[in-house]
Amino acid sequence: MAPGDGDTVSIELGHFALILAFAIAAISTVGGYVYWRSGQRIALVLSQGAVLQFVLVAVAFAALIQAFVTSDFSLLLAVNNSHSLKPLLFKISGVWGNHEGSLVLWIFILVSFGAMVAAFGRRLPDDLLALVLATQSLLTAAFTGFTLFTSNPFERVFPAPLQGNDLNPVLQDIGLAIHPPLLYAGYVGFSICFSFAIAALISGRIDQAWARWVRPWAMLSWIFLTLGITMGSYWAYYELGWGGWWFWDPVENASFMPWLAGTALLHSALVMEKRNALKIWTIFLSIITFSLSLLGTFLVRSGILTSVHTFASDPTRGMVILALLALVIGGAFALFAFRASSLRQGGLFAPVSREGALILNNLFLATAVGAVLVGTLYPLLLDALTGTTISVGAPFFNLTFGALMAPLLLVLPFGPLLAWKRADVVGAAQRLIGAAALAIFATILISALGGVSISLAPLGLLLGFWVAFGAVAELAERSKLGRIPLGESLRRLFGLPRTAWSTALAHFGMGVTVLGIVATTAWETELVTTLNPGETAELSGYTVAFDDFQQVPGPNYLSDEGHFTVTAPGGGTREMMADRRTYVASGMPTTEAAIETYGFSQLYLQLGEPLDDTHVVRIWHKPYITLIWLGAILMALAGVVSLTDRKHRVGAPQRARKTLASPAE
Amino acid sequence: MFFWFIAIAITAIACTALFYAAGRRVVNVDVPEMDDANSHFRLVLAGIDADLAAGKLGEVEAQAAKGELAREMLRLKAEPRHVVASAKGLGQAPLLAGLVGIAAVTLGLYAVLGSPDLPSQPLAGRPEAVSQSIDLEDAIARIESQLTDNPDDLRGWTVIAPAYLELARYADAARAYRRIIELSAPTADLQTSLAEALMLASNGAGSPEAVELLRAAAASEPTHVLSRLYIAAELTRAEDYPAAVTAWQDALALSKGGEPWLITAQQGLAVAQNGGVAPANDGEAEMIGQMVTGLANRLSADGGTVEEWTQLVRAYLVLGDTDSAQAAYDDAVAAYPQAFDRGDLDTLALGAGLTLNGAQP
């Protein structure tokens, strides 16, 4: 145990590595901004610096993981957030289940993206690469400095206690192991777009090539963010035990706003890449998207919001993050205001065109961001300024967000069918007639079968089917299905560029998600009742029998398990187990719902507190609820498909197609 | 010292890597400014040709696409190229200055923030942690034997003292705390813990020594709550009520509201003020009644959170007013028709025999 022992210095080694990474980032920032014009040498040094930052932060992160895994309670962070009896996976995920550790994860992802730019950015012009890496270093220096000076994860305790305080039991879940890293990868990935935007503004290099470089990064971050949000939604659904999948909680909104802005960015960058238009707007969106990511970090990390996500409740930290936020966002917008007027707009197009449709998409998405932003921040500002506490709940968001999304979804299928520059809206409408008819038919069929209890449900279904079938129609159109021999048509279909598949898949996924949301909102049923073991309850044709109740010890908790047998309407029985856990170290209880999937629908059982012999049991039937997440996964998959397409093509004027198309339509 | 060798070595490696990176000439230098754009256009052109060959594009379409591509290339070529102004080349001097800066910032900052002498202490390698399932008695026996060998081991005493308290070995606990104070310094917390151990050892009665320790603790730290609470309790026990009232008030003056000891202190003050007898409960019931009415009026007028409704229902149930509880529950259900919004309210109400009216889908 002597300090000279090689194995025993790992924590301090990690601490040292983080400080060294901070110093490299800080000096890189200064050097990069001063010498960005000086050609290749500075680009090479900054690239090397980015790689070093990555390696050093990885060492720091590994040191923390090592300390948690070996239950080293000489590390204050491990004392506060770990326990020697915790399962290994949760020891590891416990590293980022708290304020300090999650900042290290955030920085680790930031420097990973920086190192990726350094590795893959060799074809970038030197000055642009230098500016991008300098900006990335600025972010690293700012956040590493914040971590080291206000929330140092490497703080030590002497003498070391023998046991830790355990992690918030709600956070001891496989979801925590996956959800934050995914979400952070999404948030932080947009820093690359931000850095490119800053580099473009400083250097004046804003052209189609810029969009071509930025788009894969935006796409990659968007995929991570989509998966992160999906994961978070499903996690909240099964772990928090309320059976809801989206609560318009400020923390959820904080991740949703960058997603909306990022979605807008993907579409506007497309216009910039193909048509050299919307340049200023795309730069603006790049800044906005990352600013919203930072805002999300601020909301979660500052302790402003009191929820399960808020680990930090120290106002100084909040003030420092706010200052960082003001510096980064304020600086970026000042630069934008200063430089944007000197940028040349390019690429003319008619209102009815692919560009026009994409602008419409951007308008609606940007307005939706605004609506969510107002709904999230207004109560906070009101509270801060006047001390009045109001809550802006789901009705506000459902109404404003729904009202904005409905027209967007309505015009969505037209977009991919319109030609660049100027298009024929009647022609596109004709090609969508089949999809519209199918959507109407499906809606009528489902409504008749399901029994409609909410008047808006059929309209929502119609919208979902319309978007989904519209996406299929685009593929059918491009493969000339039904107009040429089937074999030929299939050959064309599979020969379509990956980007076409990606567009269709993403839009189809959107439709699927909409269908899931509408169906589960319209036809969800619930039952709250008291049950004794041996009794049964019935809901939507499912018979739930409460078999027995027993207390079972888990690794670091005591579990009250309720066992149920469920008989589905179509016959067939399945066992379900819902339990309430009391964690030994903290004494905190959690509810683990039992979820059983039938097709796309789910039955959701939750065990309430035991009262003598009776138990309050909540039962939900959630029709087609899994479509919500499946649709989102399809969207993320579409992003992956798009990333694998290396072929970037300029817009071929599709007007010419008419001469070739058979006159059958 | 060993740690500093590693630290300086790492810093040196990082700085060397940065220094040599500046000398490397493998990347962009061979790539002319237009190269990236040209390769992009070549890709697009190849794509158009491939589509033409595969019959996905017609002759006319392909021609138009190539025309579009040509216009694009011309436009890009016509744009003024960025002259990479090497006016300020990155010379050797600023590079070296930067590297020195990195080394200085790192080593300086670590000297301030780090604990280079503190080794890692994985649980498995720690002598006091016998196994994953710690048997307290066994662990104490081991620490005791260590302490016999080395009675100046402050850490051993610090670990063992609260464990003695836990096992109700109060005399041993007092001995351990005494030793800690001898080995370190008499802080208010340590003096209070020692007094606590002494009082527990004599079944709650405060010896003169304990009182003296508590007074010393309270005097040394003007905001030390626990010592003041013990003093007030001891005065109350000794039936010195005027002094007890002052002591309780002293302790209560330190409250910021919401502390777990607040209720005990308020009750203690009431007992002391009442000459040692707990005050009658009439006033309390009346006060609760008023608070409940106030809450009920506010909720029915302005609405409120589920927690407030739950509080109201619980209050009625405590007062034995089942009818009002049922009415309040009905109102709450009307205000929050979704079961998951209501949280534990349902559990409370149904458990108390109330019925859930309405709001079932």
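Chain letters run A, B, ... following the sequence lines, proteins first, then strands; residues in each count from 1.
At a 4.5 Å heavy-atom cutoff, I13(B) makes no contact with chain A through either its backbone or its side chain. Within the 4.5 angstrom heavy-atom criterion, atoms from both the backbone and the side chain of L148(A) approach chain B. The part of I27(A) that comes within reach of chain B is its side chain, from C-beta onward, which places non-hydrogen atoms under 4.5 angstrom from that chain. Neither the backbone nor the side chain of F154(A) comes within less than 4.5 Å of any heavy atom in chain B.
A pairwise comparison of heavy atoms in P122(B) and D72(A) identifies N-OD2, 3.7 Å as the closest pair. Here the closest heavy-atom approach between residue A21(B) and residue L44(A) is recorded as O-CB, 3.4 Å. Considering all non-hydrogen atoms of both residues, L52(A) and A14(B) come closest at CD1-O, 3.5 Å. Nearest approach of L18(B) to V45(A), heavy atoms of both residues: CD2-O, 3.5 Å.
Between chain A and the residues G101(B), S115(B), G114(B), the largest count of heavy-atom pairs under 4.5 Å involves S115(B). Interface check for chain A: of the options A7(B), G98(B), A104(B), A103(B), the most heavy-atom pairs under 4.5 Å are formed by A7(B). The candidate from V30(A), I24(A), L18(A), T530(A) with the greatest count of non-hydrogen atom pairs under 4.5 Å with chain B is I24(A). Note on L109(B), I102(B), L95(B): by heavy-atom pairs under 4.5 Å with chain A, the leading option is I102(B). Looking only at heavy-atom pairs under 4.5 Å with chain B, the residue among A63(A), A23(A), S28(A), G31(A) that has the most is A23(A).
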Between L75(A) and Q121(B), does a side chain to side chain contact (heavy atoms under 4.5 Å, CB included) hold up when you go through it step by step? CA-CA 9 Å; L75(A) 183 73; Q121(B) 299 172 31; over 6 Å; no
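A donor-acceptor pair under 3.5 Å is formed between the side chain of R156(A) and the backbone N or O of L118(B).
Side-chain contact between L13(A) and I10(B) is present, with heavy atoms from C-beta onward closer than 4.5 Å.
For Y110(B), the ring-ring contact (aromatic ring centres under 6.0 Å, His included) partners at least two apart in sequence or on another chain are H15(A), F16(A), F3(B), W4(B). In this view, E307(B) satisfies the salt bridge (Lys or Arg N to Asp or Glu O under 4.0 Å) rule with no residue, not counting sequence neighbours.
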